[in-house]
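Read the structure below first, then the notes.
All chains are named by letter (A, B, ...) in the order of the sequence lines, taking the proteins before the strands, and each is independently numbered beginning at 1.
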2 protein chains.
Amino acid sequence: MKPKITLKDIARELEVSISTVSKALKNSEEISRDTKEKVQAFAKLYNYKPNNIAISLKNKRTKNIGVVIPDIVHHFFTTVIRGIEKYANAKGYNVIVCLSEESFDKEVINMEMLANGSIDGFIMSLSSETQQKGDFNHLKEVTDQGIPVVLFDRITNEIDCDKVIIDDELGAYMATKKFIEQGKKNIAMITTDDYLSVSKARTQGYLKALKESKLGVDESKILKMPTMEMDEQGIKDFFDSHELDAVLCVNEIFAVYSMRLAQQKGLRIPEDIAFIGFTDGLLSKYANPSLTVVSQHGEKMGEVSAKLLIDKVESEEEEETYQTKILEPTLVIRDSIFH
Amino acid sequence: MKPKITLKDIARELEVSISTVSKALKNSEEISRDTKEKVQAFAKLYNYKPNNIAISLKNKRTKNIGVVIPDIVHHFFTTVIRGIEKYANAKGYNVIVCLSEESFDKEVINMEMLANGSIDGFIMSLSSETQQKGDFNHLKEVTDQGIPVVLFDRITNEIDCDKVIIDDELGAYMATKKFIEQGKKNIAMITTDDYLSVSKARTQGYLKALKESKLGVDESKILKMPTMEMDEQGIKDFFDSHELDAVLCVNEIFAVYSMRLAQQKGLRIPEDIAFIGFTDGLLSKYANPSLTVVSQHGEKMGEVSAKLLIDKVESEEEEETYQTKILEPTLVIRDSIFH
DNA sequence: AAGTATTGCGAAAACGGTTTCGTGTTGATA
DNA sequence: TATCAACACGAAACCGTTTTCGCAATACTT
């Protein structure tokens, strides 16, 4: 058990002042060759490492980024974290992860915990409860204090800050168009209620593609699930009451789950009914048949978010200009549709 | 933009000393009713919150936990993180997540970044490269400095610290026994090389069950994958060269992937060939057929790890006693075996 | 030899809190 | 009226750095 050594310890041992030690370790011009070598050798010998906390206090920079997300077991969020980690780590930043578990209160508590000096900025995606409530005061407080915030994926227009999203509307549009091109006539959509910003946008893309086509819109072909929980009967009824030949799902879980129910009904995929989901996760890759998806490029999203945040953190000027980066989704073709 | 207010600011405004403000906010007996009320009202009005960094520096406690794991996109690890988060948050701790990406160097760098005051303790699972190399000096250094460490899942005996694992051997034993009970005769195992502590233990459980039975061991029925990458041809050849009716896989990805290859060969699951995997993730749940797995109870593991760590961090005495908690795995029966 | 630069280093303030100890004021006691 | 607690507060040290500024001692001018 060898306790950490401090500047003071080195100073005492070498009979110089703390300031001298500090400067010597920074290779300052002020200090003579001799002294520098002596100090540096001693420091290396005893494996001196400066105390991060003291440094943080001094320059009011923690080199920590707070990431607040609704759920970590969701594949998309883990890929975003990975992207954030990657970029942040390369820049010498650590990532503090907090989970809101889709709860407004937890989101608020987590932000308050971190906002008192623990972090230099936030990267977040709003909890569904927050989006439903439409209460963003906790975000406002943080930005008012001059703490930079980057919102990704689940965002709000009520807060002025940098944002990163994919073009959800375009993704849904592309997917729907693909169905249409392949001759599908009865294209359904399975989504959540509109309170999630992404669900809303995706539904719009779906509608847009249908409106542009000769098929037209049939609102009854949109199934809105009230929660993220899987409602087996609801989906079965939906399938029974419509003659569908294609389904666009707002996430991969809905898609894979629905595929199974369709298969149980004796339908062949993609001949009788084709599927496209959102989120390019493990599930899509290993599903049977493998699922065609609109990839959201989570890792990229994380990197871009981290870059935006760190740029803001490290910029001297307090420019009050914010940007919204819109990433292009791509279609990853797999066996749940015709190739 | 309202900047953070400090004790000094309050003291100046109220024309009292900083110490008085500090004590008043802590409701100290020393301070008069009047002054306390005045100070507290002022603090509330201006939304004073103490600076975490200053407090950390003072009492040498950060209330941060460092979590270093090989991979975050792996479902098991995300559930562990969720468990850690849950317990840690309830205790007022934040979780700093670092990814080693299975690399020894990254693991070392991450630990060094955090070990200089940023965290009160580590919870980690070793990268595969670290387990292969058998070099644990970075862990030794940290424990030597008196920083508590808890290892989970991928552990080593070379470091004295608290550990949390599931009984991997028992899990594999249970699974294999299940196959035997159901009359399976040719039970294979698909695993990684033995350098991963968990793979080794699981293989042993598999062997133990077979030895106890009349079936006996056939080493050629163990397929060892050199990496985590899926080797389609390797698995196909394995299936072609053996008459198998059951396969135990060391994780769910191997299992789901192998199931698909088996199905492509025209085999029915579970009638012709049954599958059991490890890790109770999304993949198992939504696979077709859904996969029977040995559940590792990741969330529980995270909670237990966090509890062990925080207990140690907050205990005054430096007891040098370490415990290893062994969690019981359970079999989650799904459609890839007979019910 | 006197004055000026240069070099090398240390004292001290600052970051934002906590905490120990000391002290002036008050009221009660003898 | 002198003595002493109790009360209410402030000064200052401390946590481990960084950084400014001042000041010796030496070297360089003329």
Distance-only check: which donor-acceptor pairs under 3.5 Å involve side-chain atoms of residues 115-123 of chain B, not counting sequence neighbours?
from   : atom 1 : to    : atom 2 : distance (Å)
B:S118 : OG     : A:N52 : ND2    : 2.9
B:D120 : OD1    : B:T62 : N      : 2.8
B:D120 : OD1    : B:T62 : OG1    : 2.9
B:D120 : OD2    : B:T62 : N      : 3.2
B:D120 : OD2    : B:K63 : N      : 2.8

N or O in side chain of [X] less than 4.0 angstrom from [N] OP1/OP2:
| X | N | value |
| --- | --- | --- |
| A:S22 | D:dT18 | yes |
| A:K26 | D:dT17 | no |
| A:Y48 | D:dG16 | no |

Is there a donor N/O on one and an acceptor N/O on the other, under 3.5 Å, for the side chain of A:K58 and the base of D:dT17? no
Whole angstroms only, please: what is the [atom1]-[atom2] distance between [X] and [N]?
| X | N | atom1 | atom2 | value |
| --- | --- | --- | --- | --- |
| B:R61 | D:dG16 | CZ | P | 15 Å |
| B:I10 | C:dG17 | CD1 | C1' | 12 Å |
| A:R12 | D:dG16 | CZ | C1' | 13 Å |
| B:I55 | C:dT18 | CD1 | C1' | 9 Å |
| B:K8 | D:dG10 | NZ | P | 16 Å |
| A:K60 | D:dT19 | NZ | C1' | 16 Å |
| A:N51 | D:dG16 | CG | P | 7 Å |
| A:L25 | D:dG16 | CG | P | 16 Å |

Answer yes or no: does atom CG of B:N157 have more than 12 heavy-atom neighbours from other residues, nucleotides or ligands under 6.0 Å?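 12 or below, so no.
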So, the side chain of A:S22 versus the backbone of A:I18: is there a donor-acceptor pair under 3.5 Å, distance only?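 No, because the side chain of A:S22 does not come within donor-acceptor range (under 3.5 Å) of the backbone of A:I18.
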Given the rule in the salt bridge (charged side-chain N to carboxylate O under 4.0 Å, His left out) test, do B:D71 and A:R82 qualify, once you have shown the distances and angles that lead to the verdict? CA-CA 9 Å; B:D71 180 8; A:R82 188 200 253 166; 3.7 Å; yes
Side-chain ion pair, B:K133 and B:E129, N-O less than 4.0 Å: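 Here B:K133 does not pair with B:E129 in a salt bridge, since their nearest N and O are not under 4.0 Å apart.
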I'd like to know if A:R154 and A:E102 make a salt bridge, using a cut-off of under 4.0 Å between side-chain N and carboxylate O. yes
Nearest-0.5 Å distance that lies between atom CD1 in A:I165 and atom CG in A:L327: 9.0 Å
To the nearest 0.5 Å, tell me how far B:T20 OG1 sits from B:L14 CG.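 Nearest 0.5 Å value for the OG1-CG distance: 10.0 Å.
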Between residues 109-122 of chain B and DNA chain C, which residues have a heavy-atom gap below 4.0 Å?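 The stretch gives none, as no residue of it lies under 4.0 Å from the strand.
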Considering only nitrogen or oxygen atoms on both sides, find all protein atoms under 3.5 Å from nucleotides 4-10 of chain C and state each distance.
from   : atom 1 : to    : atom 2 : distance (Å)
C:dC9  : OP1    : A:S32 : OG     : 3.4
C:dC9  : OP1    : A:T35 : OG1    : 2.5
C:dC9  : OP2    : A:S32 : N      : 2.8
C:dC9  : OP2    : A:S32 : OG     : 3.1
C:dC9  : OP2    : A:T35 : OG1    : 3.2
C:dC9  : N4     : A:E30 : OE2    : 2.3
C:dG10 : OP1    : A:S17 : N      : 3.4
C:dG10 : OP2    : A:S17 : N      : 2.9
C:dG10 : OP2    : A:S17 : OG     : 3.0
C:dG10 : OP2    : A:T20 : OG1    : 2.1
C:dG10 : O6     : A:K23 : NZ     : 2.4

Does the cation-pi check pass for B:K307 over B:Y87, that is, NZ or CZ under 6.0 Å from the six-membered ring centre and within 45° of its axis?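 B:K307 over B:Y87 ring: no.
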